[in-house]
Amino acid sequence: MQKEPEQHKNNPADQPQLSLNDQMLRRLEERQHLLDAGINPYPSQFAVTRFSSQVFEAFQDEVKEPVSVAGRIMTIRKMGKASFFHIQDSKGRIQIYLKKDEVGEATYNTFKLLDIGDIVGVKGYSFKTKTGEISVHAETLELLTKSLRPIPVAKEKEVDGEKVVFDAFSDKELRYRQRYVDLIVNPEVKGTFIKRSAIVSFMRNSFASRGWLEVETPILQPIYGGAAARPFTTHHNALDMQLYLRIANELYLKRLIVGGFDGVFEFAKDFRNEGIDRFHNPEFTQVELYVAYKDYNWMMQMVEELISETAQKVNQSEVTSFLGNEISLKPPFRRLSIIDAIAEYTGRDIRGKSEDELRYTAKDLGLELDPKISSGKIIDEIFGEFVEPKLIQPTFIIDYPTEMSPLAKEHPSQPGIVERFELIVGGKEVCNSFSELNDPVIQRERLESQAKLRQRGDEEAMIVDEDFLRAIEYGMPPCAGIGIGIDRLVMLLTGQDSIRDVIFFPHLKPE
RNA sequence: GAGAAUAUAGCUCAGUCGGUAGAGCAUCUGCCUUUUAAGCAGAGGGUCGAAGGUUCGAGUCCUUCUAUUCUCACCA
């Protein structure tokens, strides 16, 4: 028997219909005219010899360098029997000069049918116009792709050396929904994503060059773990079983450390079924790294150097602007225990305090707490409310309560405290790291107490993963692990204030 | 989850006290062979986010809904 498909909000049959406006109808007609005239509006290839930027770089006065360029028409200025237009390729824009006398009547007439948004190939030679703009004098012009939808036209003008954009394509919803248009029309958007790619490449190369292995671990997991978050669930039909999209890959990477690798890392898409705002997207990227025989102190030094080097590499500077603050990424970053941080920013010494005393302190500070939460969470609440937002310059907050960190190793000299740090920049967490707990007996106790929290209704508490426990029962060497939020790191290094501006296709509700 | 704001032409935006829908750019027609927010003359283009309601009459007032943005809450 066929099951009736469940009706969801995003039933694909409910997609908006193609609606034709006058401009689209006209472009469709032009496409047909071109076909009727024997001109293929979608040829297969074009021999490009130069990017726009290369034409500028190679330009010499009095030298007519032959070039072949291609790109999307962004502006057109027709002046009867001669025309100027700009095309945009992956490197920028270049002006083309087209003269009827030289390209012939047929080509010039074809040109007159072209629209802003069409993609063309031009062969010709470089020259400089009367007004001094390096341009391409066209000898041939070929339509490479007919565009059927009008792109938003933003006009630019230079005023006192500064570029002023008129009527910019600025509707955020449209920009996110139609990122392809955003990328065409707002060139700085491309810059952010090029930088994102450079950041990831640099980090990947940096890890690989130290001999660590880039690996891939399951996204579909029968038991999720490694973080405290609610998961997305899905279903495998053939196995008829529930699966979860990973919230972290920590437990799998540690299995690989058990297996004998000294260092493993994965740039991982993780999925958390939680709220969406400018710091949270339901799917986000995190690089997790585990290195055997190291501890969290080593990791702190590694990551501050890494972030500083990455900044130098992509920005040529250790200073960046983030959420309205100028931030220096010059190491070493300040190190402050969570207890000391709370003392510094609230004036309360919570060292060695009982749960009731902590609850009193929190209440005294004006915090309203869920009566179910215990010491570790209370400390976390106080920290999150009164300290974290004030940590603008990079700060390692270290030595967290054990209760908040079920996968971290206990501090040898401080009971109730684990060897853990978070890196806070601009008031936001960028990294989370600890010396990994490798005593299988204690790890089991910790996970079982998580399971109890879960039974009490904490949906984010972890699940006992027997296979993970089995793995570390074979023996996992001492090990330091870290998760670095790539989206937030990119925000930090590109000065973007919203995660949506560093993710090509941020999650939006269906149109 | 709560609050606020926004939604009008392809894009960016006006639209007053409720009285027949406006501009710039884009598009179309004509002129223009070094322009660059090209220019000049003319034209077309709208289910005013959706559904109800009030009214002789609603882009405008009311209700509900939808989406987005911002703030707050949540987010190891």
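Just so it is clear, the structure is predicted and the values come from calculations on it, not from any experiment. Throughout, protein chains are lettered first and strands after them, A, B, ... in sequence-line order, and every chain is numbered starting at 1.
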Rounded to the nearest angstrom, tell me the gap between atom NZ in A:Lys81 and atom C1' in B:U33.
8 Å
When all nucleic acid strands are considered with a 4.0 Å heavy-atom cut-off, which category describes A:Lys100: base, sugar-phosphate, or nothing?
nothing
A cation-pi test, strictly: NZ or CZ of A:Lys64 under 6.0 Å from the centre of the six-membered ring of A:Tyr125 and no more than 45 degrees from its axis. Yes or no?
yes
Salt bridge between A:Glu29 and A:Arg26, side-chain N to carboxylate O under 4.0 Å?
no
Could A:Asp439 and A:Lys409 be called an ion pair, given the rule that one side-chain N must be under 4.0 Å from one carboxylate O?
no
Rounded to the Å, how far apart are A:Arg177 CZ and B:G49 C1'?
12 Å
Counting Watson-Crick and G-U wobble pairs only, both distances under 3.5 Å, name the nucleotide matched with B:U33, or none.
none
Does A:Lys428 qualify as a cation-pi partner of A:Phe279, given the criterion of NZ or CZ under 6.0 Å from the six-membered ring centre and within 45 degrees of its axis?
yes
Scanning all shown strands, the Watson-Crick or wobble mate of B:A4 with both distances under 3.5 Å is B:U69
Mind checking if A:Arg500 touches a base, just sugar-phosphate, or nothing, with heavy atoms under 4.0 Å?
sugar-phosphate
Any donor-acceptor N/O pair under 3.5 Å between B:C11 base and A:Asp171 side chain:
no
At under 4.0 Å between heavy atoms, what does A:Phe169 touch on the DNA or RNA strands: base, sugar-phosphate, or nothing?
sugar-phosphate
Do the side chain of A:Glu133 and the base of B:U35 come within less than 3.5 angstrom through a donor-acceptor pair of N or O atoms?
no
With a 4.0 Å cut-off on heavy atoms, is A:Phe383 in touch with a base, just the backbone sugar-phosphate, or nothing at all?
nothing
When the distance from CG of A:Leu28 to P of B:C28 is rounded to whole Å, what number comes out?
14 Å
Do A:Glu133 and A:Lys128 sit within salt-bridge range, that is, some charged N less than 4.0 Å from a carboxylate O?
no
Nearest-Å distance for atom pair NZ/P, residues A:Lys78 and B:G39:
15 Å
Heavy atoms under 4.0 Å, any strand shown: does A:Ala227 hit a base, just sugar-phosphate, or nothing?
base
For A:Glu158, report the nucleic acid contact type (base, sugar-phosphate, nothing); a contact means any heavy atom under 4.0 Å.
nothing
Is B:C40 syn or anti, taking syn as a glycosidic angle within 90° of 0?
anti
Paired to B:C13 by Watson-Crick or G-U wobble criteria (both distances under 3.5 Å) is B:G22
Describe the nucleic acid contact of A:Tyr176 in one word from base, sugar-phosphate, nothing, applying a heavy-atom distance below 4.0 Å.
sugar-phosphate
Rounded to whole Å, the CD-C1' distance (A:Glu385 to B:C72) equals 11 Å
What about A:Ser170: does its side chain form a donor-acceptor pair under 3.5 Å with the base of B:U12?
no
Start at the 5' end of RNA chain B and walk down; is the nucleotide closest to A:Leu508 or to A:Arg278 reached first?
A:Leu508
To the nearest angstrom, how far is A:Met74 atom CE from B:C25 atom C1'?
14 Å
What contact category does A:Ala168 fall into here, base, sugar-phosphate, or nothing, at under 4.0 angstrom with non-hydrogen atoms?
sugar-phosphate
By nearest-nucleotide position on RNA chain B, the 5'-leaning member of A:Lys130 and A:Glu460 is A:Lys130
Please determine whether any donor N or O and acceptor N or O are separated by less than 3.5 Å between the side chain of A:Asp22 and the base of B:U27.
no
Across all strands shown, which nucleotide pairs with B:G46 by Watson-Crick or G-U wobble geometry, both distances under 3.5 Å?
none
Presence of salt bridge, A:Glu466 and A:Arg444, under 4.0 angstrom
yes
How close or far is atom P of B:U27 from atom CD1 of A:Ile151, stated in whole angstroms?
10 Å
Provide, to the nearest angstrom, the distance between the CD atom belonging to A:Glu156 and the C1' atom belonging to B:C25.
14 Å
